Amino acid sequence: MNFASVIVDVAAKQTDRAFDYSIPQQWREILVPGMRVIVPFGPRKVQGFVVDVKLETDVKRTKPIAELLDLTPVLTPELLELGHWLTEKTLCFKISAFQVMLPAAMKAKYDKKILLQPGVESSQLHSKVQPYFQHTSEVMWSDIEKSESVNSFYRDIQKGLLEVVYLVKSKGNKKTVKALRLAQPPEHVKQLLQELPKQAEKQKQVLEFMLVQEEVVAQRDIMTVLNVTSAPIKGLVSKGLLHEVDMEIYRDPYANRDFIPSKPFSLTDEQSAAIKPILRDIENHEHDVFLMYGVTGSGKTEVYLQSIDQVLKQGKEAIMLVPEISLTPQMVKRFKERFGSKVAVMHSGLSAGEKYDEWRKIQRKEVSVVVGARSAIFAPFQHVGIIIIDEEHETSYKQEENPRYHARDVAIKRAEFHNCPVILGSATPTLESFARAQKGVYKLLPLRERMNKSALPKVDIVDMREELRDGNRSMFSTLLLEKIRERLERREQIVLFLNKRGHSSFVMCRDCGYVPSCPHCEISLTYHRYQNRMKCHYCGYEELTQTACPECESDHIRFFGSGTQKVEEELGKVLPEASVIRMDVDTTSRKGAHEKLLTKFGNGEAQILLGTQMIAKGLDFPNVTLVGVLSADTMLNLPDFRAAEKTFQLLTQVSGRAGRHHLPGEVVIQTYAPEHYSIQLASQHDYDTFYLEEMKLRQAHRYPPFFYLALVTVSHENVAKVVSVTGKISQYLRQKLSPQAVILGPVASPIAKIKDRYRYQCMIKYKLEPNMIPALKYVVNQYQDQMQQEQLTITIDLHPYSMM
DNA sequence: AGCACGCCGACT
DNA sequence: GTCGGCGTGCTC
């Protein structure tokens with residue numbers, strides 16, 4: 001092939017198309033779509049993805065491809081196609097779609113440097129430039145970019161004294177170690193071994209070792225096994241007996257850990273019934289979407305494991321998605337125990353290099369199972385046999401940046417391609433999924449019994465308003481305290497859950513009601529006791545905590561809300577004998593801290609585990625018999641039509657942590673809205689009724705799953721501008737879409753200002769709108785120039801999860 | 001996105 | 001006359 005169509009790494013409307021390049025002779029046989037290349041683009045060089053190769057082009061003057069970055073394509077034909085689909089579905093640039101499918105380490109970094117042209121003396125340069133070239137002939141652009149001499153540099157560049165060179169590096173490369181192999185055939189080496197001088201004892205040892213080893217051995221290994229230094233090895237290399245090579249090694253984050261192989265458990269009748277249709281699909285290479293609706297502790301994971309096992313037996317591969325937050329060591333352990341080294345793990349806790357290595361294992365077909373968070377859905381497998389999404393309702397499956405995709409949609413798309421089943425698993429499915437299951441679009445696989453037949457925990461709802469009336473101003477109700485004391489006495493464990501979302505610890509003046517808020521964002525500041533500072537969680541702004549109110553100068557400043565730190569303190573006051581482990585962003589930010597704290601709790605080193613969201617998922621400690629939810633309704637008041645659903649899911653999830661084993665569990669839910677149906681029904685473990693209730697509301701208000709949503713958010717420094725642009729967009733959409741579509745807006749976004757930029761939005765509720773995508777594309781096109789020139793931003797989220 | 005090209009105001 | 005402001009348009 002003579003020409004290649006390349007999508008270049010420039011995310012902009014005007015460059016969001018393929019550019020044709022000629023393929024230099026030496027690569028004509030090798031280059032295929034899906035490879036990364038470096039191409040000249042204008043005056044610079046950029047990375048790009050080859051999407052097509054062809055014999056001819058309409059372009060008159062093509063430039064040649066400058067460099068080939070891959071010998072095996074990093075995107076399979078399927079993934080290339082998937083990229084185009086993503087572009088259409090999420091309205092993102094092609095380059096963004098491709099980039100999101102690869103580990104971040106493969107994204108190009110650009111740099112510039114300035115070279116002294118050959119034959120030019122530094123004395124010819126501008127006086128300001130000269131000192132830079134005293135001892136060198138090249139200067140990095142970044143070193144002079146901000147200096148006042150930039151202009152002088154420009155001048156010398158124009159004069160031709162200096163040359164600008166554009167560099168592209170695809171960093172995060174393979175990690176290699178120095179390794180050795182025999183430089184000659186073994187027989188030959190055996191003979192030469194005899195001829196080595198007597199005193200070369202160590203060299204002989206090394207050679208003998210090499211003769212019995214696999215082809216390539218890391219130098220480090222030779223040194224430790226034979227207890228020699230590098231000297232004899234060097235000697236053999238210089239004699240031409242050994243050859244130095246680079247050996248690619250993987251950073252294995254789970255090395256040095258023993259996994260005891262586990263065998264499949266025998267399934268309960270319910271599990272067998274659930275797995276049957278899945279196995280049938282695997283057998284017949286058929287595609288279906290299954291919604292596995294199973295209460296906590298019903299043994300979903302075992303069904304996943306055995307389905308995957310079946311897929312592996314067919315020589316195919318499996319993708320298993322779990323929410324980031326529950327990608328716990330416990331979870332990984334279960335997979336490693338069952339599938340050993342066939343498993344790659346991908347989550348955000350890995351370094352860029354580690355993620356790259358896991359990705360490489362997949363690409364090189366060294367593993368056949370990947371367990372990972374959202375982005376693992378793009379694993380470059382070529383024979384996918386099953387895709388599983390655990391905790392299907394989790395919001396982390398929706399990416400909140402471009403491309404704003406939902407892993408579930410990608411999973412279904414990929415599974416259609418591979419003709420394989422998708423399993424969505426949850427104890428509290430999203431209404432969207434459950435509704436589809438009701439309609440028969442998805443196949444429902446119910447698991448209604450807990451595996452050990454243990455009853456679901458008894459749930460008590462405590463009305464905190466009554467507590468307050470009875471004079472209890474603390475954050476622990478009498479009932480909860482009593483139950484905690486009971487467990488402490490019995491040496492059982494307790495999990496306390498604090499939903500920090502909503503109003504977290506903020507500060508208010510009791511006299512005038514003043515609440516310190518961020519000067520750049522419309523959001524109140526959060527109090528951080530540790531540094532005694534107020535911080536903005538959106539832009540990072542911080543200030544010292546005030547001791548007097550800046551408005552009325554009163555010193556009645558009060559700290560409201562209850563962060564985990566404050567709960568811990570109070571717990572210490574009421575129950576000084578209790579040992580507490582606190583888990584939140586502050587205590588788990590260090591790598592591995594999360595795991596360490598959980599292990600400590602598992603070992604019984606503390607009796608109470610206190611934490612936020614992150615302790616709600618996937619934890620399983622046999623000794624936990626009480627779960628306390630400190631304030632169940634903080635989430636309920638969020639400006640989000642899914643607030644009730646999220647509350648129900650969270651409460652159900654948290655309750656599931658209690659009494660999973662032989663000890664019976666109890667749950668105490670503290671709330672200011674005890675009569676709310678989501679709280680009532682969660683306490684009764686009644687998903688079905690919740691589903692029906694919530695569906696009525698969704699239908700009445702025209703929300704999903706009855707209507708689809710699209711959210712257009714406009715932001716700019718100037719309020720008037722934002723309002724007028726949002727208004728025009730709303731108007732345009734009103735006129736383009738059918739009368740059945742509901743167009744709300746312009747309205748201020750729930751967070752009306754972030755980082756000094758005002759935010760307004762237009763929300764569209766629609767059912768069938770073939771014009772939707774074209775209309776939105778048109779809108780973006782119309783404001784293209786303003787978006788560049790005036791830093792106006794318009795973001796479009798189709799099927800948004802967060803209204804913020 | 002960059003970057004060059006090009007056309008106007010204010011300085012050596 | 002030249003330097004430098006940033007509007008306009010292109011990148012195979």
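Bear in mind that the values here come from a model prediction, so they are computed numbers and not experimental data. Excluded from the calculations below are hydrogen atoms, water molecules and symmetry mates; all remaining heavy atoms, backbone and side chain alike, are included.
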**Item:** Stepwise salt bridge (Lys or Arg N to Asp or Glu O under 4.0 Å) test for Lys355(A) and Glu358(A)
**Value:** CA-CA 5 Å; Lys355(A) 275 186 211 156; Glu358(A) 296 295 303; over 6 Å; no
Minimum-distance nucleotide (side-chain atoms of [X] versus [options]):
X	options	value
Val59(A)	dC3(B), dC10(C), dC12(C)	dC12(C)
Arg17(A)	dC10(C), dC3(B), dC12(C)	dC12(C)
Pro43(A)	dC3(B), dA1(B), dT11(C)	dC3(B)
Arg155(A)	dG4(C), dA1(B), dC12(C)	dG4(C)

[X] side-chain N/O to [N] phosphate OP1/OP2 under 4.0 Å:
X	N	result
Lys112(A)	dC3(B)	yes
Arg61(A)	dC12(C)	no
Tyr110(A)	dA1(B)	no

**Pairs flagged by side-chain hydrogen bond (donor to acceptor under 3.5 Å, both in side chains) wherever residues 83-101 of chain A is involved - sequence neighbours left out** = Glu88(A)-Lys777(A)
**Asked** Does a donor on one side chain and an acceptor on the other come within less than 3.5 Å for Thr430(A) and Glu392(A)?
**Response** yes
**Request:** Figure out the NZ/P separation between Lys109(A) and dA1(B), and round it to whole Å.
**Result:**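 Answer to the nearest Å: 17 Å.
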**Request:** Compare the ring of Phe41(A) with the six-membered ring in the base of dT11(C) and state whether they stack (centres under 5.5 Å, planes under 30°).
**Result:** yes
**Asked** Between Lys107(A) and Asp9(A), does at least one N-O distance fall below 4.0 Å, as a salt bridge requires?
**Response** no
